[in-house]
Amino acid sequence: MKEINGKTRLCGLIGNPVVHTLSPMIHNYIAGQMGHNMVYVPFHVEEDLEKAVRGGYALNVLGMNVTVPYKKEVMDFLVEVDDAAGRIGAVNTLVRTEHGFKGYNSDYLGLMKAMEEEHVVVKGRDVVILGAGGAANAVVYLCGQLGAKRVFILNRTIERAQKLAWKNAAFFPNTQFDAMEMQDYGKLPEQKFIVIQTTSVGLHPNCDKAVIEDVSFYKKVEKAVDIIYNPEETRFMKLVSEQGGEVCNGLTMLLYQGVKAYELWNDVVVDEQICQRLKQLLKEKVGS
Ligand code: ATR
């Protein structure tokens, strides 16, 4: 373990639960590789979020990640919220500024970088988003930001999909947003889509499930991303591959949401080689 001394800076993750997080591995690895005197630890916050945020600031904490269930509520305790994070309605990264923490959404920033790396290009394309929960907020916003032509949001609970569609239609007048019930996937136009799977269906340990099972849907999938990274190949991914579509999991997004947070805290650019080595380590960790 690296030496901790009087100059060591502290970063951490606020959430409940935090025991399964891979963020300490990500940040401590980057800090070690870049020679930064920084450590990253999980902070289990039972309920008093305000005291946790203000206490972290008072303790000269450099930056924090925020996870479930606090990504929305935390915005009340910040001096500033980045435009994209505000529009997405969720903050997962707090950056120390002169008078308090500023909030960002590194899930969004990380997904943008991951899609670039995985060659998923949504500009001018028709995209299907499966799910309308917390994670979908950043994904739908990103599709608008990247200039998708049309975004179909499919969700079991139609109201959540409608809310997301209306909200983003106001931000991105050049993109058409449509809300549909998940079971109505058969009503999608007869064409090829880019599909982003954001529901929790298929997540370990319920690996034998996909939110849509019907092969006819998968015939329309040209390229897909499942934001789940455990298991490495979800049932959704298997179904896409079986019909000839290209597909990747959420590991690259996990990597880059961490990298983007690290870069914001330390005002650096993390070297590409470090990112690729870390990706390999994460893959091994998730598979173990
Ligand atoms: P997250 O922050 O991971 O997105 P969430 O906000 O609870 O978590 O959202 C989970 C998403 O998975 C939602 O889109 C949810 O659909 P509902 O809005 O209808 O609840 C979807 N989901 C979870 N379990 C599902 C299931 N068994 N079938 C279909 N969709 C499911």
Side-chain angles (χ1 to χ4, degrees), residues 13-23 45 49 65-75 84-85 87-93 103-111 114-115 127-144 151-168 177-188 195-214 217-218 221 224-231 234-240 249-254 257-258 261 286:
L13 168 69
I14 286 179
N16 181 13
V18 290
V19 281
H20 299 296
T21 178
L22 292 170
S23 291
V45 173
L49 178 64
N65 281 134
V66 181
T67 189
V68 175
Y70 301 128
K71 289 187 186 187
K72 206 181 272 288
E73 191 188 337
V74 74
M75 287 196 269
R87 288 172 160 199
I88 291 165
V91 158
N92 79 328
T93 301
Y104 291 84
N105 188 305
S106 80
D107 289 334
Y108 156 74
L109 297 169
L111 180 62
M115 284 175 46
V127 185
V128 172
I129 312 289
L130 302 179
N137 273 273
V139 174
V140 173
Y141 183 83
L142 178 62
C143 289
V151 178
F152 294 90
I153 308 167
L154 275 63
N155 200 44
R156 178 178 58 181
T157 314
I158 181 84
E159 291 77 13
R160 286 181 99 182
Q162 278 165 341
K163 241 173 118 175
L164 206 47
W166 289 332
K167 186 174 104 167
N168 282 280
F177 295 88
D178 296 279
M180 288 169 66
E181 271 188 47
M182 187 68 79
Q183 63 189 27
D184 288 342
Y185 60 83
K187 295 181 185 165
L188 285 166
V195 180
I196 307 179
Q197 199 303 110
T198 76
T199 77
S200 46
V201 182
L203 188 63
H204 177 81
N206 300 309
C207 307
D208 59 338
K209 295 199 167 59
V211 71
I212 297 174
E213 293 282 349
D214 188 345
F217 169 75
Y218 291 93
V221 182
V225 181
D226 193 333
I227 68 163
I228 293 174
Y229 54 82
N230 187 14
T234 61
R235 175 150 175 81
F236 168 81
M237 291 169 66
K238 193 161 179 284
L239 288 161
V240 172
N249 69 13
L251 195 88
T252 317
M253 179 187 173
L254 169 75
Q257 65 73 32
V286 171

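All ligand and atom numbering here is 1-based and tracks the order in the structure.
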*For D184, which residues count as a salt bridge (Lys or Arg N to Asp or Glu O under 4.0 Å) partner, sequence neighbours excluded?*
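In terms of salt bridge (Lys or Arg N to Asp or Glu O under 4.0 Å), with neighbours along the sequence ignored, D184 is linked to K187.
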*Tell me the residues surrounding ligand 1, counting only those with a heavy atom closer than 4.0 angstrom, sorted by chain and number.*
G131, A132, G133, G134, A135, N155, R156, T157, R160, T199, S200, V201, V211
*Might you confirm whether atom NZ of K167 has over 12 heavy atoms from other residues, nucleotides or ligands at distances under 6.0 Å?*
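More than 12 within 6.0 Å, yes.
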*For a side chain to side chain donor-acceptor pair (under 3.5 Å) with K71, tell me which candidate from N92, D107, N137 qualifies.*
D107
*Residues in side chain to side chain contact (heavy atoms under 4.5 Å, CB included) contact with A179, at least two apart in sequence or another chain*: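 A179 satisfies side chain to side chain contact (heavy atoms under 4.5 Å, CB included) with I158, A161, Q162, A165 only.
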Could you pull out every donor-acceptor pair under 3.5 Å between side chains of residues 201-209 and any protein atom, sequence neighbours left out?
none

*T234 (side chain) donor-acceptor with M237 (main chain) under 3.5 angstrom*: yes
